[in-house]
Number of protein chains: 2
Amino acid sequence: MTQYDKNSRFASKQAYEVIRDRILNGDMPGGTKIVEEKLAAELGFSRTPIRESLRQLNYEGLIVNKKVVQPTEKDLRNLFQVRSLLEGFSAKAAATYLPEEDLNALSNCIKVGREGTIEEIMDANERFHEIIVQASGNALMIDTIHRMKSIIYLFRKTVVLYNRPRLIDEHEEIYEAIKARDGETAKQLMEDHLNKDLDFCLQILNSTKNA
Amino acid sequence: MTQYDKNSRFASKQAYEVIRDRILNGDMPGGTKIVEEKLAAELGFSRTPIRESLRQLNYEGLIVNKKVVQPTEKDLRNLFQVRSLLEGFSAKAAATYLPEEDLNALSNCIKVGREGTIEEIMDANERFHEIIVQASGNALMIDTIHRMKSIIYLFRKTVVLYNRPRLIDEHEEIYEAIKARDGETAKQLMEDHLNKDLDFCLQILNSTKNA
DNA sequence: ATAAACAAAAATGTATACAAAATAATGAAA
DNA sequence: TTTCATTATTTTGTATACATTTTTGTTTAT
(Lines give C-alpha, C1' and ligand atoms only; values in the text may rest on other atoms or scores of the structure.)
Protein backbone atom coordinates (compact mmCIF):
# COMPACT_ATOMS: atom_id res chain seq x y z
CA MET A 1 0.00 0.00 0.00
CA THR A 2 3.07 2.21 0.18
CA GLN A 3 2.23 4.12 -2.96
CA TYR A 4 4.97 5.84 -4.85
CA ASP A 5 4.79 9.53 -4.20
CA LYS A 6 5.88 11.24 -7.33
CA ASN A 7 7.00 14.21 -5.32
CA SER A 8 9.72 12.07 -3.80
CA ARG A 9 11.82 12.63 -6.86
CA PHE A 10 12.35 16.12 -5.49
CA ALA A 11 15.25 16.51 -3.14
CA SER A 12 13.23 18.97 -1.07
CA LYS A 13 10.44 16.47 -0.59
CA GLN A 14 12.84 13.68 0.31
CA ALA A 15 14.63 15.90 2.78
CA TYR A 16 11.29 16.87 4.29
CA GLU A 17 10.34 13.26 4.77
CA VAL A 18 13.63 12.22 6.30
CA ILE A 19 13.78 15.12 8.72
CA ARG A 20 10.13 14.78 9.67
CA ASP A 21 10.58 11.10 10.40
CA ARG A 22 13.66 11.76 12.44
CA ILE A 23 11.73 14.19 14.57
CA LEU A 24 8.75 11.88 14.94
CA ASN A 25 10.98 8.92 15.81
CA GLY A 26 12.82 10.85 18.42
CA ASP A 27 16.09 10.68 16.49
CA MET A 28 16.05 14.45 16.62
CA PRO A 29 14.52 15.14 20.02
CA GLY A 30 12.84 18.38 21.03
CA GLY A 31 15.25 21.25 21.34
CA THR A 32 17.72 19.95 18.76
CA LYS A 33 19.31 22.85 16.92
CA ILE A 34 18.60 22.89 13.19
CA VAL A 35 21.56 23.86 11.03
CA GLU A 36 21.00 23.94 7.32
CA GLU A 37 24.50 23.12 6.26
CA LYS A 38 24.78 20.25 8.68
CA LEU A 39 21.58 18.66 7.40
CA ALA A 40 22.62 19.29 3.81
CA ALA A 41 25.89 17.43 4.36
CA GLU A 42 24.17 14.63 6.22
CA LEU A 43 21.44 14.05 3.67
CA GLY A 44 23.64 14.65 0.67
CA PHE A 45 21.71 17.57 -0.79
CA SER A 46 22.60 21.20 -1.17
CA ARG A 47 21.20 23.81 1.17
CA THR A 48 18.54 24.95 -1.27
CA PRO A 49 16.17 21.97 -1.01
CA ILE A 50 16.95 21.63 2.69
CA ARG A 51 15.74 25.16 3.26
CA GLU A 52 12.54 24.42 1.44
CA SER A 53 11.91 21.34 3.55
CA LEU A 54 12.54 23.34 6.71
CA ARG A 55 9.89 25.85 5.68
CA GLN A 56 7.37 23.05 5.47
CA LEU A 57 8.40 21.67 8.84
CA ASN A 58 8.07 25.13 10.33
CA TYR A 59 4.65 25.39 8.80
CA GLU A 60 3.61 22.14 10.45
CA GLY A 61 5.01 23.26 13.76
CA LEU A 62 7.67 20.58 14.02
CA ILE A 63 10.39 23.21 13.90
CA VAL A 64 10.18 26.46 15.81
CA ASN A 65 12.92 29.05 15.92
CA LYS A 66 15.46 26.79 14.25
CA LYS A 67 14.91 24.16 16.89
CA VAL A 68 12.94 20.96 16.98
CA VAL A 69 9.70 21.73 18.77
CA GLN A 70 9.17 20.78 22.38
CA PRO A 71 5.43 21.02 22.78
CA THR A 72 4.37 22.35 26.15
CA GLU A 73 1.25 21.34 27.99
CA LYS A 74 -0.29 24.57 26.76
CA ASP A 75 0.51 23.65 23.15
CA LEU A 76 -1.15 20.32 23.65
CA ARG A 77 -4.27 21.93 25.06
CA ASN A 78 -4.37 24.43 22.20
CA LEU A 79 -4.04 21.70 19.64
CA PHE A 80 -6.85 19.65 21.08
CA GLN A 81 -9.02 22.72 21.39
CA VAL A 82 -8.76 23.38 17.67
CA ARG A 83 -9.17 19.74 16.81
CA SER A 84 -12.23 19.55 18.98
CA LEU A 85 -13.91 22.36 17.09
CA LEU A 86 -13.00 21.12 13.64
CA GLU A 87 -13.42 17.40 14.17
CA GLY A 88 -16.57 17.93 16.20
CA PHE A 89 -18.04 19.75 13.24
CA SER A 90 -16.78 17.05 10.90
CA ALA A 91 -18.43 14.34 12.94
CA LYS A 92 -21.74 16.14 12.70
CA ALA A 93 -21.28 16.53 8.96
CA ALA A 94 -20.42 12.85 8.67
CA ALA A 95 -23.67 11.96 10.41
CA THR A 96 -25.55 13.96 7.82
CA TYR A 97 -24.21 12.39 4.69
CA LEU A 98 -21.51 9.81 5.04
CA PRO A 99 -21.84 7.26 2.23
CA GLU A 100 -22.30 3.57 2.98
CA GLU A 101 -18.80 2.83 1.76
CA ASP A 102 -17.19 5.12 4.31
CA LEU A 103 -19.37 3.76 7.07
CA ASN A 104 -17.98 0.34 6.34
CA ALA A 105 -14.48 1.71 6.33
CA LEU A 106 -15.08 3.21 9.77
CA SER A 107 -16.40 -0.08 11.00
CA ASN A 108 -13.32 -1.79 9.68
CA CYS A 109 -11.06 0.64 11.55
CA ILE A 110 -12.77 -0.35 14.75
CA LYS A 111 -12.29 -4.02 13.99
CA VAL A 112 -8.59 -3.56 13.29
CA GLY A 113 -8.37 -1.41 16.40
CA ARG A 114 -9.48 -4.37 18.48
CA GLU A 115 -7.50 -7.11 16.81
CA GLY A 116 -4.51 -5.61 15.02
CA THR A 117 -0.88 -5.17 15.89
CA ILE A 118 0.34 -1.91 17.40
CA GLU A 119 1.32 -0.72 13.94
CA GLU A 120 -2.08 -1.62 12.50
CA ILE A 121 -3.92 -0.06 15.39
CA MET A 122 -2.14 3.22 14.92
CA ASP A 123 -2.96 3.24 11.22
CA ALA A 124 -6.58 2.36 11.88
CA ASN A 125 -6.86 5.15 14.42
CA GLU A 126 -5.53 7.66 12.01
CA ARG A 127 -7.79 6.40 9.25
CA PHE A 128 -10.84 6.60 11.49
CA HIS A 129 -10.30 10.27 12.12
CA GLU A 130 -9.29 10.93 8.53
CA ILE A 131 -12.52 9.54 7.11
CA ILE A 132 -14.55 11.75 9.40
CA VAL A 133 -12.47 14.81 8.63
CA GLN A 134 -12.96 14.24 4.93
CA ALA A 135 -16.69 14.12 5.50
CA SER A 136 -16.60 17.80 6.35
CA GLY A 137 -16.32 18.37 2.62
CA ASN A 138 -14.35 21.50 3.44
CA ALA A 139 -10.91 21.60 1.82
CA LEU A 140 -9.70 24.39 4.07
CA MET A 141 -10.76 22.53 7.18
CA ILE A 142 -9.13 19.35 5.95
CA ASP A 143 -5.96 21.21 5.22
CA THR A 144 -5.95 22.87 8.60
CA ILE A 145 -6.26 19.54 10.37
CA HIS A 146 -3.58 18.01 8.17
CA ARG A 147 -1.28 20.79 9.16
CA MET A 148 -1.57 19.55 12.74
CA LYS A 149 -1.07 15.96 11.72
CA SER A 150 2.60 15.60 12.57
CA ILE A 151 2.18 16.96 16.04
CA ILE A 152 -0.93 14.89 16.54
CA TYR A 153 1.10 11.87 15.54
CA LEU A 154 3.67 12.73 18.15
CA PHE A 155 0.96 12.32 20.76
CA ARG A 156 -1.14 9.61 19.21
CA LYS A 157 1.86 7.36 19.58
CA THR A 158 1.76 7.94 23.30
CA VAL A 159 -1.91 7.20 23.53
CA VAL A 160 -1.70 3.92 21.68
CA LEU A 161 1.56 2.71 23.18
CA TYR A 162 0.30 3.29 26.69
CA ASN A 163 -2.89 1.56 25.67
CA ARG A 164 -5.50 4.06 26.66
CA PRO A 165 -8.61 2.31 27.94
CA ARG A 166 -11.90 2.68 26.05
CA LEU A 167 -10.20 4.25 23.02
CA ILE A 168 -11.82 1.89 20.57
CA ASP A 169 -15.07 1.80 22.48
CA GLU A 170 -15.34 5.53 22.02
CA HIS A 171 -14.66 5.19 18.32
CA GLU A 172 -17.43 2.67 18.14
CA GLU A 173 -19.85 4.97 19.90
CA ILE A 174 -19.03 7.73 17.45
CA TYR A 175 -19.50 5.32 14.60
CA GLU A 176 -22.89 4.27 15.92
CA ALA A 177 -24.04 7.88 16.22
CA ILE A 178 -22.94 8.61 12.66
CA LYS A 179 -24.64 5.50 11.40
CA ALA A 180 -27.81 6.52 13.21
CA ARG A 181 -27.55 9.94 11.52
CA ASP A 182 -27.49 11.60 14.90
CA GLY A 183 -25.28 14.60 14.23
CA GLU A 184 -25.45 16.29 17.60
CA THR A 185 -24.54 13.13 19.44
CA ALA A 186 -21.71 12.35 17.02
CA LYS A 187 -20.30 15.80 17.57
CA GLN A 188 -20.60 15.55 21.33
CA LEU A 189 -19.02 12.11 21.42
CA MET A 190 -16.14 13.26 19.24
CA GLU A 191 -15.48 16.20 21.50
CA ASP A 192 -15.59 13.98 24.58
CA HIS A 193 -13.31 11.50 22.86
CA LEU A 194 -10.71 14.13 22.10
CA ASN A 195 -10.93 15.52 25.61
CA LYS A 196 -10.20 12.10 27.04
CA ASP A 197 -7.27 11.76 24.64
CA LEU A 198 -5.98 15.08 25.88
CA ASP A 199 -6.37 14.14 29.53
CA PHE A 200 -4.62 10.84 28.95
CA CYS A 201 -1.74 12.54 27.15
CA LEU A 202 -1.36 15.10 29.89
CA GLN A 203 -1.37 12.41 32.52
CA ILE A 204 1.37 10.46 30.79
CA LEU A 205 3.30 13.59 30.03
CA ASN A 206 3.31 14.58 33.68
CA SER A 207 4.05 11.14 35.05
CA THR A 208 6.99 10.57 32.70
CA LYS A 209 8.32 14.07 33.06
CA ASN A 210 10.46 13.34 36.10
CA ALA A 211 11.57 9.90 35.02
CA MET B 1 1.51 53.85 13.93
CA THR B 2 3.20 52.27 10.94
CA GLN B 3 5.93 50.59 12.92
CA TYR B 4 9.09 49.57 11.22
CA ASP B 5 9.08 45.85 10.62
CA LYS B 6 12.62 44.71 11.01
CA ASN B 7 11.89 41.79 8.73
CA SER B 8 11.47 44.21 5.87
CA ARG B 9 15.21 44.37 5.50
CA PHE B 10 14.90 40.89 4.02
CA ALA B 11 14.36 40.74 0.30
CA SER B 12 12.06 37.77 0.76
CA LYS B 13 9.85 39.70 3.16
CA GLN B 14 9.74 42.74 0.94
CA ALA B 15 8.87 40.63 -2.07
CA TYR B 16 6.13 38.95 -0.06
CA GLU B 17 4.62 42.27 0.88
CA VAL B 18 4.71 43.70 -2.61
CA ILE B 19 3.23 40.65 -4.26
CA ARG B 20 0.59 40.22 -1.58
CA ASP B 21 -0.48 43.84 -1.95
CA ARG B 22 -0.61 43.53 -5.70
CA ILE B 23 -2.93 40.59 -5.37
CA LEU B 24 -5.11 42.29 -2.77
CA ASN B 25 -5.31 45.49 -4.81
CA GLY B 26 -6.28 43.66 -7.92
CA ASP B 27 -3.08 44.61 -9.72
CA MET B 28 -2.54 40.90 -10.13
CA PRO B 29 -6.06 39.59 -10.61
CA GLY B 30 -7.17 36.02 -10.03
CA GLY B 31 -5.76 33.60 -12.56
CA THR B 32 -2.59 35.58 -13.21
CA LYS B 33 0.26 33.22 -13.95
CA ILE B 34 3.13 33.43 -11.46
CA VAL B 35 6.58 33.24 -13.01
CA GLU B 36 9.51 33.44 -10.64
CA GLU B 37 11.98 34.99 -13.00
CA LYS B 38 9.53 37.59 -14.19
CA LEU B 39 8.79 38.71 -10.64
CA ALA B 40 12.47 38.65 -9.77
CA ALA B 41 13.26 40.97 -12.66
CA GLU B 42 10.34 43.23 -11.84
CA LEU B 43 11.10 43.57 -8.14
CA GLY B 44 14.85 43.68 -8.60
CA PHE B 45 15.68 40.62 -6.51
CA SER B 46 17.07 37.26 -7.45
CA ARG B 47 14.84 34.24 -7.69
CA THR B 48 15.84 32.88 -4.30
CA PRO B 49 13.95 35.36 -2.10
CA ILE B 50 11.09 35.43 -4.59
CA ARG B 51 10.64 31.72 -4.20
CA GLU B 52 10.52 32.07 -0.47
CA SER B 53 7.86 34.75 -0.68
CA LEU B 54 5.82 32.60 -3.03
CA ARG B 55 5.85 29.78 -0.54
CA GLN B 56 4.34 32.06 2.06
CA LEU B 57 1.70 33.24 -0.37
CA ASN B 58 0.89 29.66 -1.20
CA TYR B 59 0.57 28.95 2.47
CA GLU B 60 -1.92 31.78 2.87
CA GLY B 61 -3.89 30.59 -0.11
CA LEU B 62 -3.29 33.66 -2.26
CA ILE B 63 -1.40 31.58 -4.79
CA VAL B 64 -2.55 28.17 -5.92
CA ASN B 65 -0.85 26.11 -8.58
CA LYS B 66 1.40 28.95 -9.69
CA LYS B 67 -1.60 31.15 -10.31
CA VAL B 68 -3.20 33.94 -8.31
CA VAL B 69 -6.16 32.41 -6.52
CA GLN B 70 -9.67 32.88 -7.83
CA PRO B 71 -11.81 31.94 -4.88
CA THR B 72 -14.95 30.08 -5.82
CA GLU B 73 -18.20 30.31 -3.98
CA LYS B 74 -17.31 27.01 -2.39
CA ASP B 75 -14.01 28.43 -1.13
CA LEU B 76 -15.85 31.33 0.39
CA ARG B 77 -18.28 29.04 2.17
CA ASN B 78 -15.43 26.88 3.44
CA LEU B 79 -13.58 29.88 4.75
CA PHE B 80 -16.57 31.23 6.63
CA GLN B 81 -17.32 27.80 8.00
CA VAL B 82 -13.90 27.58 9.61
CA ARG B 83 -14.04 31.17 10.78
CA SER B 84 -17.41 30.56 12.30
CA LEU B 85 -16.11 27.70 14.41
CA LEU B 86 -12.94 29.45 15.52
CA GLU B 87 -14.27 32.94 15.99
CA GLY B 88 -17.46 31.65 17.59
CA PHE B 89 -15.32 29.90 20.16
CA SER B 90 -13.19 33.00 20.57
CA ALA B 91 -16.24 35.16 21.22
CA LYS B 92 -17.32 32.81 23.95
CA ALA B 93 -13.83 32.92 25.43
CA ALA B 94 -13.85 36.69 25.24
CA ALA B 95 -17.07 36.80 27.21
CA THR B 96 -15.43 34.77 29.94
CA TYR B 97 -12.39 36.87 30.57
CA LEU B 98 -11.83 39.86 28.33
CA PRO B 99 -10.07 42.59 30.32
CA GLU B 100 -11.61 46.02 30.72
CA GLU B 101 -9.01 47.53 28.45
CA ASP B 102 -9.96 45.30 25.51
CA LEU B 103 -13.64 45.94 26.12
CA ASN B 104 -12.95 49.62 25.66
CA ALA B 105 -10.98 48.92 22.52
CA LEU B 106 -13.94 46.98 21.13
CA SER B 107 -16.24 49.83 21.96
CA ASN B 108 -13.92 52.21 20.18
CA CYS B 109 -13.95 50.03 17.06
CA ILE B 110 -17.70 50.37 16.99
CA LYS B 111 -17.49 54.11 17.34
CA VAL B 112 -15.00 54.40 14.50
CA GLY B 113 -17.15 52.02 12.51
CA ARG B 114 -20.01 54.51 12.70
CA GLU B 115 -18.12 57.69 12.16
CA GLY B 116 -14.84 56.96 10.36
CA THR B 117 -13.73 57.10 6.77
CA ILE B 118 -13.83 53.99 4.62
CA GLU B 119 -10.21 53.35 5.41
CA GLU B 120 -10.77 53.76 9.14
CA ILE B 121 -13.85 51.59 9.08
CA MET B 122 -11.99 48.76 7.45
CA ASP B 123 -9.24 48.99 10.04
CA ALA B 124 -11.73 49.12 12.88
CA ASN B 125 -13.52 46.08 11.53
CA GLU B 126 -10.35 44.12 11.37
CA ARG B 127 -9.35 45.24 14.84
CA PHE B 128 -12.71 44.26 16.28
CA HIS B 129 -12.31 40.70 15.11
CA GLU B 130 -8.62 40.62 16.01
CA ILE B 131 -9.26 41.54 19.65
CA ILE B 132 -11.78 38.76 19.98
CA VAL B 133 -9.56 36.23 18.28
CA GLN B 134 -6.74 37.09 20.64
CA ALA B 135 -9.07 36.46 23.53
CA SER B 136 -9.09 32.78 22.65
CA GLY B 137 -5.67 32.68 24.27
CA ASN B 138 -4.84 29.89 21.84
CA ALA B 139 -1.76 30.59 19.73
CA LEU B 140 -2.57 27.84 17.24
CA MET B 141 -6.08 29.13 16.76
CA ILE B 142 -4.83 32.67 16.32
CA ASP B 143 -2.30 31.51 13.79
CA THR B 144 -4.90 29.53 11.88
CA ILE B 145 -7.14 32.55 11.60
CA HIS B 146 -4.24 34.77 10.60
CA ARG B 147 -3.45 32.36 7.84
CA MET B 148 -6.88 33.14 6.39
CA LYS B 149 -6.42 36.86 6.85
CA SER B 150 -5.42 37.78 3.31
CA ILE B 151 -8.34 36.01 1.77
CA ILE B 152 -10.65 37.43 4.39
CA TYR B 153 -9.37 40.86 3.46
CA LEU B 154 -10.19 40.20 -0.15
CA PHE B 155 -13.81 39.84 0.89
CA ARG B 156 -14.01 42.30 3.76
CA LYS B 157 -13.27 44.98 1.23
CA THR B 158 -16.40 44.02 -0.65
CA VAL B 159 -18.51 44.06 2.47
CA VAL B 160 -17.41 47.49 3.55
CA LEU B 161 -17.33 49.09 0.13
CA TYR B 162 -20.83 47.94 -0.65
CA ASN B 163 -21.84 49.15 2.77
CA ARG B 164 -23.50 46.12 4.24
CA PRO B 165 -26.41 47.12 6.42
CA ARG B 166 -26.35 46.37 10.14
CA LEU B 167 -22.67 45.45 10.10
CA ILE B 168 -21.79 47.74 12.98
CA ASP B 169 -25.03 47.03 14.79
CA GLU B 170 -24.08 43.38 14.86
CA HIS B 171 -20.65 44.23 16.20
CA GLU B 172 -22.31 46.20 18.93
CA GLU B 173 -24.58 43.33 19.85
CA ILE B 174 -21.60 41.03 20.11
CA TYR B 175 -19.83 43.60 22.21
CA GLU B 176 -22.81 43.88 24.54
CA ALA B 177 -22.95 40.12 24.99
CA ILE B 178 -19.25 39.96 25.79
CA LYS B 179 -19.58 42.83 28.22
CA ALA B 180 -22.48 41.07 29.89
CA ARG B 181 -20.28 37.96 30.17
CA ASP B 182 -22.84 35.97 28.23
CA GLY B 183 -20.63 33.52 26.37
CA GLU B 184 -23.29 31.48 24.62
CA THR B 185 -25.00 34.55 23.23
CA ALA B 186 -21.70 36.07 22.14
CA LYS B 187 -20.84 32.89 20.29
CA GLN B 188 -24.25 32.69 18.65
CA LEU B 189 -24.16 36.34 17.62
CA MET B 190 -20.70 35.97 16.15
CA GLU B 191 -21.78 32.97 14.12
CA ASP B 192 -24.85 34.82 12.89
CA HIS B 193 -22.74 37.84 12.07
CA LEU B 194 -20.34 35.81 9.97
CA ASN B 195 -23.18 34.05 8.22
CA LYS B 196 -24.66 37.37 7.22
CA ASP B 197 -21.25 38.49 5.99
CA LEU B 198 -21.08 35.35 3.90
CA ASP B 199 -24.55 35.81 2.46
CA PHE B 200 -23.78 39.40 1.62
CA CYS B 201 -20.54 38.47 -0.09
CA LEU B 202 -22.23 35.74 -2.08
CA GLN B 203 -24.98 38.10 -3.14
CA ILE B 204 -22.52 40.68 -4.40
CA LEU B 205 -20.35 38.04 -5.97
CA ASN B 206 -23.27 36.71 -7.95
CA SER B 207 -24.70 40.07 -8.92
CA THR B 208 -21.36 41.40 -10.17
CA LYS B 209 -20.36 38.18 -11.85
CA ASN B 210 -22.05 38.97 -15.13
CA ALA B 211 -21.22 42.65 -15.15
C1' DA C 1 34.98 36.66 39.25
C1' DT C 2 31.96 39.43 36.23
C1' DA C 3 31.03 42.19 32.63
C1' DA C 4 32.07 44.55 28.39
C1' DA C 5 34.40 44.68 24.09
C1' DC C 6 36.38 42.75 20.60
C1' DA C 7 37.88 39.04 17.22
C1' DA C 8 37.00 34.59 15.18
C1' DA C 9 33.85 31.32 13.57
C1' DA C 10 29.59 29.72 12.07
C1' DA C 11 25.22 30.23 9.95
C1' DT C 12 22.09 32.58 7.20
C1' DG C 13 20.29 35.42 3.17
C1' DT C 14 20.96 36.28 -1.51
C1' DA C 15 22.83 35.97 -6.26
C1' DT C 16 24.08 33.25 -9.99
C1' DA C 17 24.74 29.12 -12.96
C1' DC C 18 23.25 25.00 -14.93
C1' DA C 19 20.59 20.79 -15.78
C1' DA C 20 16.14 18.63 -15.85
C1' DA C 21 11.29 19.19 -16.56
C1' DA C 22 7.30 21.42 -18.30
C1' DT C 23 5.28 24.18 -21.84
C1' DA C 24 4.84 26.24 -26.28
C1' DA C 25 5.73 26.14 -31.08
C1' DT C 26 6.61 24.08 -35.39
C1' DG C 27 5.95 20.99 -39.01
C1' DA C 28 4.56 16.42 -41.07
C1' DA C 29 0.96 12.99 -41.75
C1' DA C 30 -3.98 11.82 -41.70
C1' DT D 1 -8.01 21.64 -41.08
C1' DT D 2 -6.96 18.47 -37.36
C1' DT D 3 -3.71 15.38 -34.91
C1' DC D 4 0.34 13.80 -33.57
C1' DA D 5 5.24 13.95 -32.99
C1' DT D 6 9.33 16.47 -32.61
C1' DT D 7 11.91 20.75 -31.57
C1' DA D 8 12.51 25.10 -29.30
C1' DT D 9 11.69 27.79 -25.43
C1' DT D 10 10.51 28.73 -20.97
C1' DT D 11 10.39 27.64 -16.30
C1' DT D 12 11.64 25.26 -12.51
C1' DG D 13 14.74 22.54 -9.11
C1' DT D 14 19.23 22.23 -7.38
C1' DA D 15 24.15 23.36 -6.58
C1' DT D 16 27.47 26.61 -5.49
C1' DA D 17 29.64 31.02 -4.14
C1' DC D 18 29.79 35.02 -1.49
C1' DA D 19 28.53 38.77 1.69
C1' DT D 20 26.07 39.95 5.90
C1' DT D 21 24.53 38.84 10.12
C1' DT D 22 24.58 36.06 14.32
C1' DT D 23 26.82 33.43 17.46
C1' DT D 24 30.76 31.90 19.92
C1' DG D 25 34.99 32.45 22.16
C1' DT D 26 38.64 35.23 23.98
C1' DT D 27 40.63 39.09 26.00
C1' DT D 28 40.61 43.19 28.76
C1' DA D 29 39.03 46.26 32.26
C1' DT D 30 36.38 46.79 36.38
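Quick note on labels: first sequence line is chain A, next is B, and so on, each numbered from 1. This is a predicted model, so every value here is computed, not measured.
- Under a 4.0 Å N-O distance rule, the pair A/Glu191/A/Lys92 does not qualify as a salt bridge.
- Here D/dG13 presents its P atom at 14 Å from CD of A/Gln56, a figure rounded to the nearest Å.
- Not less than 6.0 angstrom separates the ring centroid of A/Phe200 from the ring centroid of A/Tyr162.
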Sugar-phosphate means primed atoms, P, OP1 and OP2; the rest is base. With that split, encode nucleotides 9-19 of chain C 5' to 3' as B, S or - using protein heavy atoms under 4.0 Å.
-> --SBBBBBB--

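- Ion pair A/Glu170/A/Arg164 flagged as a salt bridge, since at least one NZ, NE, NH1 or NH2 atom sits closer than 4.0 Å to an Asp/Glu carboxylate oxygen.
- Counted within 6.0 Å of OH on A/Tyr97, heavy atoms from surrounding residues, nucleotides or ligands total more than 12; the atom is thus considered enclosed.
- If you take NZ of B/Lys67 and C1' of C/dA22, they are 13 Å apart, rounded to a whole angstrom.
- Side chain of B/Asp143 to backbone of B/Ala139: no donor-acceptor contact under 3.5 angstrom is found.
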